[in-house]
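Order of the sequence lines fixes the chain letters, A, B, ..., with proteins taken first and strands second; residue numbering starts at 1 for each chain.
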Amino acid sequence: MAATEWTAWRPLRLAEDVPAALLAEQLDGGQSFRWSATSDGAWVGIFGRTVAMLRSGADGLEWRGLKGAAGTEAALLAYLDAEGAQARLSADLPWRSDPVLRAAREAFPGLRILRQDPHETLIGFLCSSNKRILQIRVMVAGLAEKLGEPLGAGFHALPTWSALAAADDAVLKSCALGYRAAFLRGTAQRLLARPRWAEEFAALDTPALLAELQSLPGVGPKVAACVTLFGFGRLESFPVDTWVVQALGDAYGLRKWKPAQLEQFGRAHFGAAAGLAQQYLFSAARHGKLITLPPEPKRPKSRR
DNA sequence: GTCCAGGATTCAG
DNA sequence: CTGAATCATGGA
């Protein structure tokens, strides 16, 4: 990563300010697994064939790309939803009547759903089951390094499905995928035969899209909801992971509810941008900034 | 050592 | 249909 590989830092104009803590949550908050913090407080990431760095300084958000790479700034603006369509959706969430959502939203104001590629989102979340964000990042980095197209300066794109389907077992094993290797290979073999799957899936309505994704090996309700939200931009999709189960149980009193019930609650309660509300709750819960109800007494007493 | 992680699949009832 | 067991791996 020699300094000569990079262009000069330049301002990146978004609709709203992006302080450092928000940038960290935006890039490393469980949506994408392709961003890493550098030693000097910046972030370096790869999405599609774009390699970019971002940092939040006194003069606002700044970016730089690899020298000779065209379109980096435009790619960043699209990726970060610079048009600001989500600002209005966030304002329309029921935070005025919901103190839990209000506090979660105020913990990371300006947090947005990244506009990611479906293919890359699916790879990331196929690796995600029963894993922490940090380790998902390690797995995905290994896949890119060993099976992805070189992009210069030592960076690699994520592998294609054909590369994944043809990958040697030892290579997959060296990425610490565990049992998820079979998920990746199985889905790769299925999608290999339909190279335009993402366009075809994008034409479906959200219930059909969720069902189609869940027909793939290693894709259950939660992974399908994440790919639908982060990869296909369906803001109404409401993924329910262990953090959201905890958050909805502790903050809304929905303890002992099953994930499918919580998903229904989320979509009904939060509406058209339920997925964005989910991301506020997820981030706030992970940082201990969620308003919670008192813990349930172990032996509830009858009140006479 | 135990427990848990942005779960999915398979199996028993 | 629901609930439990199992899956592979690393960090706390």
Side-chain angles (χ1 to χ4, degrees), chain A residues 24-35 104 107-108 111-114 116 118 120-143 146 167 169-191 210-232 234-235 237-251 255-264 266-267 270 274-290:
Chain A
E25 187 62 23
Q26 187 70 77
L27 300 177
D28 193 27
Q31 298 191 52
S32 167
F33 308 103
R34 293 284 276 159
W35 291 88
F108 292 102
L111 185 64
R112 299 291 176 254
I113 301 299
L114 294 173
Q116 300 184 71
E120 304 201 341
T121 311
L122 181 53
I123 290 178
F125 282 94
L126 276 171
C127 298
S128 73
S129 77
N130 226 18
K131 276 297 180 185
R132 294 197 174 125
I133 291 171
L134 172 60
Q135 190 158 11
I136 300 167
R137 209 169 62 205
V138 172
M139 291 189 276
V140 172
L143 288 171
K146 286 158 189 164
D169 279 331
V171 172
L172 292 183
K173 191 170 185 58
S174 71
C175 297
L177 295 166
Y179 59 84
R180 300 158 200 82
F183 293 169
L184 264 181
R185 172 156 288 156
T187 287
Q189 288 168 347
R190 284 270 307 271
L191 294 180
L210 287 168
E212 198 68 31
L213 285 167
Q214 286 190 59
S215 75
L216 297 170
V219 181
K222 190 271 176 182
V223 169
C226 284
V227 175
T228 300
L229 175 61
F230 303 129
F232 288 91
R234 307 295 173 91
L235 276 296
S237 183
F238 192 83
V240 177
D241 77 317
T242 56
W243 286 98
V244 173
V245 170
Q246 273 290 320
L248 294 182
D250 293 345
R255 299 187 171 103
K256 303 301 181 186
W257 283 41
K258 290 173 289 187
Q261 296 176 295
L262 294 173
E263 183 176 359
Q264 287 305 310
R267 301 212 299 121
F270 297 115
L276 182 56
Q278 174 274 161
Q279 200 61 31
Y280 287 127
L281 296 175
F282 176 83
S283 294
R286 287 208 320 134
H287 290 85
K289 296 182 178 179
L290 196 68

**Study point:** Atom P, compared across dG6(B) and dT2(C): separation rounded to whole Å
**Key:**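 It works out to 27 Å between them.
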**Study point:** Integer angstrom distance from the P of dG11(C) to that of dA8(B)
**Key:**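 Pairwise P distance, dG11(C) against dA8(B), rounds to 23 Å.
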In this structure, how many angstroms lie between the [atom2] atom of [N] and the [atom1] atom of [X], rounded?
{"X": "Phe183(A)", "N": "dT9(C)", "atom1": "CZ", "atom2": "P", "answer": "13 Å"}
{"X": "Arg137(A)", "N": "dG6(B)", "atom1": "CZ", "atom2": "C1'", "answer": "14 Å"}
{"X": "Leu122(A)", "N": "dA8(B)", "atom1": "CG", "atom2": "P", "answer": "12 Å"}
{"X": "Ile133(A)", "N": "dC4(B)", "atom1": "CD1", "atom2": "P", "answer": "18 Å"}
{"X": "Met139(A)", "N": "dG10(C)", "atom1": "CE", "atom2": "P", "answer": "10 Å"}
{"X": "Ile136(A)", "N": "dG11(C)", "atom1": "CD1", "atom2": "P", "answer": "14 Å"}
{"X": "Leu248(A)", "N": "dG6(B)", "atom1": "CG", "atom2": "C1'", "answer": "14 Å"}
{"X": "Arg132(A)", "N": "dC4(B)", "atom1": "CZ", "atom2": "P", "answer": "10 Å"}

For [X], answer base if it contacts any base atom (sugar-phosphate contacts may also be present), sugar-phosphate if it contacts only those atoms, and nothing otherwise; contact means non-hydrogen atoms under 4.0 Å.
{"X": "Val244(A)", "value": "base"}
{"X": "Leu172(A)", "value": "nothing"}
{"X": "Pro221(A)", "value": "sugar-phosphate"}

Point to revise | Under 4.0 angstrom between Ser128(A) side-chain N/O and dA5(B) OP1 or OP2 | key: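 So the side-chain polar atoms of Ser128(A) never come under 4.0 Å of the phosphate oxygens OP1 or OP2 of dA5(B).
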Check your understanding: More than 12 non-hydrogen atoms from neighbouring residues, nucleotides or ligands closer than 6.0 Å to CD on Glu212(A), yes or no?
Key ->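 Yes, the 6.0 Å shell around CD holds more than 12 heavy atoms from other groups.
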Practice item. Mark yes when over 12 heavy atoms from residues, nucleotides or ligands other than Arg185(A) sit less than 6.0 Å from its CZ; otherwise mark no. Key: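 Yes, the 6.0 Å shell around CZ holds more than 12 heavy atoms from other groups.
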Point to revise | Under 5.5 Å and under 30°: Trp243(A) stacked on dG6(B) | key: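 Trp243(A) vs dG6(B): stacking no.
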Practice item. For the pair Glu120(A) (side chain) and Ser32(A) (backbone), establish whether a donor and an acceptor sit closer than 3.5 Å, ignoring hydrogens and angles. Key: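 Side chain of Glu120(A) to backbone of Ser32(A), a donor-acceptor pair under 3.5 Å: no, none is there.
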**Study point:** Any donor-acceptor N/O pair, Gln278(A) side chain to Gly275(A) backbone, under 3.5 Å
**Key:**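 Yes, the answer is positive, given that a donor and an acceptor are paired below the 3.5 Å cut-off.
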Check your understanding: Is a donor-acceptor pair below 3.5 Å formed from side chain Gln246(A) to base dG6(B), judging by atom type as modelled?
Key ->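 Result: no qualifying N/O pair found.
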Sub-3.5 Å pairs of nitrogen or oxygen atoms, protein against nucleotides 2-8 of chain C:
| unit_1 | atom_1 | unit_2 | atom_2 | d |
| --- | --- | --- | --- | --- |
| dA8(C) | O4' | Tyr179(A) | N | 3.1 |

Point to revise | Given DNA chain B, 5'-ward residue of the pair Gly218(A) and Gln278(A), judged by closest heavy atom | key: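 The residue whose closest nucleotide sits nearer the 5' end is Gln278(A).
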Point to revise | Closest-nucleotide ordering on DNA chain B, the 5'-leading residue of Gln214(A) and Val240(A) | key: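 Residue closer to the 5' terminus by nearest nucleotide: Val240(A).
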Check your understanding: What is the minimum heavy-atom distance between Ile136(A) and Cys127(A), and which atoms define it?
Key ->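 Looking at all heavy atoms of both residues, the closest pair is CG1-O, 4.0 Å.
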Check your understanding: Which heavy atom of Phe33(A) sits nearest a heavy atom of Arg137(A), and at what distance?
Key ->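 In this case the closest contact between Phe33(A) and Arg137(A) is O-CG, 2.9 Å.
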Exercise for review: Please tell me if the side chains of Gln26(A) and Phe108(A) come closer than 4.5 Å, counting only heavy atoms from C-beta onward.
Suggested key: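 Of all side-chain heavy-atom pairs linking Phe108(A) with Gln26(A), none is under 4.5 Å.
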**Study point:** Leu216(A) side chain near Leu126(A) side chain, heavy-atom distance below 4.5 Å
**Key:**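 No; the side chains remain at least 4.5 Å from each other.
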